[in-house]
Amino acid sequence: MLITDLVGALGAAHVLTDPDVTVSYETDWTGAFRGRAVAVARPATTDQVAAVLRICARHGVPVVPQGGNTGLVGGSVPAGAAAGAVVLSLRRLTAIEPVDAAAGLVTAGAGATLADVQAHARAAGYGVGVDFAARDSATVGGIAASNAGGERVLRHGMTRGQVAGLEVVLADGSVLRRLSGLPKDNVGYDLPSLFVGSEGTLGVITKVQLRLVGLPAARTAALLAVSDLPAAVGLVATLRATVASLDAVELVFGDGVDLVCAHQGRPAPFPGRPFPQDTPYLLVECVGPTDPTGDLAAAVETATGVLDAVVATTATDRERLWAYREGHTAAVNALDVPLKLDVAVPLARMSAFVDDLRALVPAVAPSARLHLWGHLAEANLHVNVTGLDRGDTGGREELTTAILTRAAADGGSIGAEHGVGRAKMAWVGLSRSPAELAVLAAVKHALDPTGLLNPGVIVSPGLTGSYRV
Ligand code: 2HG
Ligand code: ZN
């Protein structure tokens, strides 16, 4: 029996079947995706992960790998085609090896949180080039499997740019290990890269080797209220061209900041200056070996459209400014279960796209409330919609199709940094050509011929590559 075999491999304490206990593994962070698992397996070693995969393969039971379960596209819960799967939680693989200071690398178990790896690197004088609000729960295995983006992509790129090597357990239980740490190692296809962003559909990541980045001596953040979005986009160009220490340019709007203030009981960032609700605010951060405040101030003073600015140089003040930005997801989720979309649109077309969204969303869903924020330097906009009827799946799909079709028409991406998961499956064809879809299906078939790994994510269960759009 499946459960008996899993208990034999992991011990009874680490094979969870009690619904009161498994429910948190079966429901995604937003509450939008839930399913039932036959069991939650909690291995502690790579060998145990391999044993779980061999057992599941023998019994023909699908496997849904799960890290911190902070993903926002339903990719780590046993919903839809993965109903009745074993949830394979990697959270017990928390070991972090000593930093290789000469090579600037660290290798961590898939279940180590991003915050723990950041702290470990910091103690050795290094930083990690990936950062985002869910750092305390998101695991490094999860960020590699989803090719997470976040707030430092401007300087360091997505997670793919930080992954130097991986250990991965394949569908048949064999272990693929590429942890040489050599920056020059050009022998055949780059297999670690194949698993980065594969969302648990090609193998189970058990170790992640990350490139480390320097720790800047000085850091300055500023929150800028800007007259309108075209001026904000213009400011991105100015900052890129003139401020070499630029590290992040994040976008929020007046209504979103008000929502965060109400949710967290914070004072408004510009007290006594009630800017219109659709006023864009840019959170700009600069880092460098010397204080970058002067460079940032000089660029902002000569820029057009800046209505007001708050500058933060101490860690406490910077955290206060970042809270206005990072508090958005929780503040929106506190309203209800939102429709969450994550698009990228070329910066030159961002203003027209946002104008169209503000007209399109109420036209398709009159009860809807639109929440926009994102990573402006990377042209990445998070589109959240609340006020929709929870049970109206058709209405949610209609709105999703309208928004994603509009983004794709502008040469945009329907999944900028959160991946495909179960949430975006029906719309993958808007962003990928038939030739690309065929290669995705072929790769999936080569590595997971029986379709046991996270079925229903990226490639449809039939392995045909024929998506619904
Ligand atoms: C962010 O940048 C995260 O805040 C979450 O990627 C976005 O909740 C969201 O839609
Ligand atoms: Zn984001």
Side-chain angles (χ1 to χ4, degrees), residues 28-33 67-76 114-115 129-138 142-143 145-160 197 199 221 223 247-253 255-257 259-260 263-264 280-285 319 321-345 350 354 357 361 368-388 396 399-400 403-404 407 412-424:
D28 82 317
W29 183 88
T30 65
F33 296 89
N69 201 12
T70 58
L72 297 171
V73 288
S76 60
L114 176 57
V130 185
D131 195 24
F132 49 82
R135 60 185 74 79
D136 290 321
S137 329
I143 70 170
S146 60
N147 187 24
E151 297 152 358
R152 304 291 160 190
V153 173
L154 167 65
R155 185 171 287 255
H156 302 296
M158 304 267 286
T159 298
R160 182 184 310 286
E199 302 186 34
L223 188 68
D247 201 52
V249 186
E250 299 280 297
L251 172 70
V252 293
F253 288 92
D255 53 354
V257 171
L259 190 68
V260 171
H263 184 235
Q264 298 187 357
Y281 294 176
L282 293 188
L283 178 53
V284 180
E285 188 154 294
E319 270 164 34
L321 289 191
W322 274 99
Y324 293 120
R325 160 66 184 86
E326 291 192 337
H328 273 64
T329 300
V332 168
N333 238 70
L335 296 176
D336 66 32
V337 176
L339 173 69
K340 294 182 89 66
L341 302 174
D342 162 45
V343 300
V345 174
M350 184 62 89
V354 167
L357 276 192
V361 170
R369 181 170 168 192
L370 179 62
H371 311 266
L372 299 174
W373 73 96
H375 314 275
L376 194 61
E378 292 86 55
N380 176 191
L381 193 68
H382 297 310
V383 181
N384 279 226
V385 185
T386 56
L388 301 171
R396 284 175 176 251
L399 187 57
T400 303
I403 295 171
L404 297 186
S413 171
I414 62 119
E417 63 168 0
H418 296 165
V420 176
R422 295 175 213 292
K424 309 292 161 55

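Ligands are counted one by one from 1 in listed order, and the atoms in each one are counted from 1 as well. These figures come from a predicted structure and were not determined experimentally.
The closest side-chain heavy-atom distance from K424 to V73 is below 4.5 Å. Counting heavy atoms from C-beta outward, W29 and L72 have side chains that approach closer than 4.5 Å.
Atoms of ligand 1 found under 4.0 Å from any heavy atom of H375 (numbered from 1 in listed order, with element): 2 (O). Taking every non-hydrogen atom of R325 and a distance limit under 4.0 Å, the qualifying atoms of ligand 1 come out as 1 (C), 2 (O), 4 (O).
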Inset, instruction - Begin from the C-alpha positions of L381 and V345 and carry the test side-chain contact (heavy atoms from CB on, under 4.5 Å) through to its verdict. - result: CA-CA 8 Å; L381 193 68; V345 174; over 6 Å; no
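The aromatic ring centres of H328 and H382 sit 6.0 Å or more apart.
Note that CG of L282 is 9.5 Å distant from CD of E250, once rounded to the nearest 0.5 Å.
Here the side chain of T386 pairs no donor or acceptor atom with the backbone of D336 at under 3.5 angstrom. Using modelled atom types, no side-chain atom of D247 and backbone atom of E285 make a donor-acceptor pair closer than 3.5 Å.
A side-chain contact (heavy atoms from CB on, under 4.5 Å) with V361 is found for exactly one of L339, L372, I403, V383, namely I403.
Residue, atom and distance of the protein heavy atom nearest to atom 6 (O) of ligand 1 are H418 NE2, 2.8 Å. In terms of protein heavy-atom proximity, atom 10 (O) of ligand 1 is closest to N384 ND2, 3.0 Å. In terms of protein heavy atoms, atom 5 (C) of ligand 1 is closest to T329 OG1, 3.3 Å.
Contact annotation for L72 and ligand 1: only side-chain heavy atoms (C-beta onward) come within less than 4.0 Å of the ligand. The residue H328 has no part lying near ligand 1, judged by heavy-atom distances below 4.0 Å.
Under a 4.0 angstrom heavy-atom cut-off, K340 registers as being in contact with ligand 1. Assignment of W373 to the shell around ligand 1 is supported, since a heavy atom sits closer than 4.0 Å. In this structure, E417 counts as a contact residue of ligand 1, since one of its heavy atoms falls inside 4.0 Å of the ligand. Contact between E151 and ligand 1 is absent, with no heavy atom of the residue lying under 4.0 Å from the ligand.
A salt bridge links R135 with E326: at least one charged nitrogen is closer than 4.0 Å to a carboxylate oxygen.
Restricting H382 to its N/O/S atoms, the shortest distance to the Zn ion (ligand 2) is reached by NE2.
Angle NE2(H375) to the Zn ion (ligand 2) to OE2(E417): 90° [nearest 10 degrees].
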